[in-house]
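Only this structure's heavy atoms are used, side chains among them; waters, hydrogens and symmetry mates stay out. FYI, the numbering just counts along the sequence from 1.
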Amino acid sequence: MNMPMLLPQPHQHFLKGLLRAPFRWYHFIFHSQTHLGSGISSARPFNSLGLHCTKWMLLSDGLKRKLCVQTTLKDHTEKLCDKEQRFVDKLYTGLIQGQRACLAEAITLVESTHSRKKELAQVLLQKVLLYHRKQEQSNEGKPLAFRVGLSGPPGAGKSTFIEYFGKMLTERGHKLSVLAVDPSSCTSGGSLLGDKTRMTELSRDMNAYIRPSPTGGTLGGVTRTTNEAILLCEGAGYDIILIETVGVGQSEFAVADMVDMFVLLLPPAGGDELQGIKRGIIEMADLVAITKSDGDLIVPARRIQAEYVSALKLLRKRSEVWKPKVIRISARSGEGISEMWDKMKDFQGVMLASGELTAKRRKQQKVWMWNLIQESVLEHFRTHPTVREQIPLLEHKVLTGALSPGLAADFLLKAFKSRD
């Protein structure tokens, strides 16, 4: 739809600059605090600038101006052949209908590193995102799902806890999705993916979906596509998303940038409160659960609980409305699991009422966008012909001590900048 419009000269230059970007389809909404007057020097049709969609909003106090740029699906879908379009439509339709096979295939698609499949994945994700936003709007703007990150050192009992906790949630009418991230071997690149094998009862539950994913060497145990997998699971109707991570300590901050609540599981032998302060991941925890609090371990669990309560008092507050709690649980006897869920619901309710949860999700989207940009830029840098030719030579000079790492990096960056 083409509409005539009036634009001050500076915005003409800005819009022309946008046309040099890869995307040609934009959605513009203009608002302005100033009344239209003789200061506007020129008038020209929007389509002369190559733009295709405009909206004007005329308010009582004059024309308000605000620029909003939004890429649309049309530019992406026009590049798909009929077979690809049918494939994406089939996955999308099955996904929003809650078909587990389509969800599994969709997550496999977004995890693919093939360039064409990445493009198909982005088309699918955009369709799911639009559907997800409509669903949230019908829910008075409240999030449809509760995202929970679970972490802890190896042997803390994460898989045992998830199975008991997951069965309890499905019996209460919830649909649960578990994204279990397994470490990949640095030598062979393989991954055991044994979490689903351990959760035998939960894996047979039709209201639960377990998806093991390899880290692929990603620091912190969060795959590149974990955020996209969360969106797909929510689109498929799962209202509780658990992300179980490798549990490597300081490098696990990435998981806190994609969940509503971060839960740390610790065995009853994690050192004193000084160790608790030193472990950087404690700062990100909204809830700390001391596991295996049964039998002979009840006394050590109580001691660790008291020490971590002391440790948390010395850390900076991350929320104005929530104070991190430390509780004891036992997945074997079930002690404390129901009370833990009650505290998690309290957290969700308090954060929603204060508006912190909504603000947190918006910030997370921005952080994740820049994470993906950094990854893509690094990959583009490595694969550039000029840089790729010089990497072996410069790496050899660094290994032999003939060149410092900083100087070698400068050489590669200069080669990349002067590629044209």
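Side chains of Ser177 and Arg147: a donor-acceptor N/O pair is absent below 3.5 angstrom, by distance only. Side-chain contact, Gln135 with Asn139: no donor N or O sits under 3.5 Å from an acceptor N or O. Side-chain contact annotation: Asp294 with Ser330, donor-acceptor N/O pair under 3.5 Å present. Counted by atom type alone, Ser319 and Glu356 present one or more donor-acceptor pairs between their side chains at under 3.5 Å.
Closest approach of Leu202 and Gly166 over heavy atoms only: CD1-C, 3.7 Å. When all heavy atoms are compared, the tightest approach of Thr170 to Ala208 is CG2-CB, 4.2 Å.
A salt bridge links Lys90 with Glu105; the closest basic N to acidic carboxylate O contact falls under 4.0 Å. Of the charged side-chain nitrogens involved, at least one lies within less than 4.0 Å of a carboxylate oxygen, so that Asp286 and Arg318 count as a salt-bridged pair. Salt-bridge annotation for Arg116 and Glu119: present, with a side-chain N of the basic residue lying under 4.0 Å from a carboxylate O of the acidic one. The pair Arg361-Asp260 counts as a salt bridge, with a side-chain nitrogen and a carboxylate oxygen less than 4.0 angstrom apart. The residues Glu111 and Arg211 are annotated as salt-bridged, a charged nitrogen and a carboxylate oxygen being separated by less than 4.0 angstrom. Checked for salt-bridge contact, Lys167 and Glu163 miss the test: no charged N lies under 4.0 Å from a carboxylate O.
We find the OG-NZ distance between Ser112 and Lys118 to be 8.0 Å, quoted to the nearest 0.5 Å. Note that CD1 of Ile96 and CG of Leu232 are 12.5 Å apart. Values are rounded to the nearest 0.5 Å. Separating the CD1 atom in Ile290 from the CD atom in Glu307 is a distance of 9.5 Å, to the nearest 0.5 Å. Between the CG atom of Leu378 and the CD1 atom of Ile373 there is a distance of 13.5 Å, given to the nearest 0.5 Å. Taken to the nearest 0.5 Å, the OG atom of Ser151 stands 9.0 Å off from the CD atom of Glu244.
If you look at His174 and Tyr238, their ring centroids are not closer than 6.0 Å.
Heavy atoms from other residues, nucleotides or ligands lying under 6.0 Å from NZ of Lys360 number more than 12.
Note on ring orientation: taking the six-membered ring where Trp is involved, the planes of Phe165 and Phe161 are parallel (angle under 30°, cut-offs 30° and 60°).
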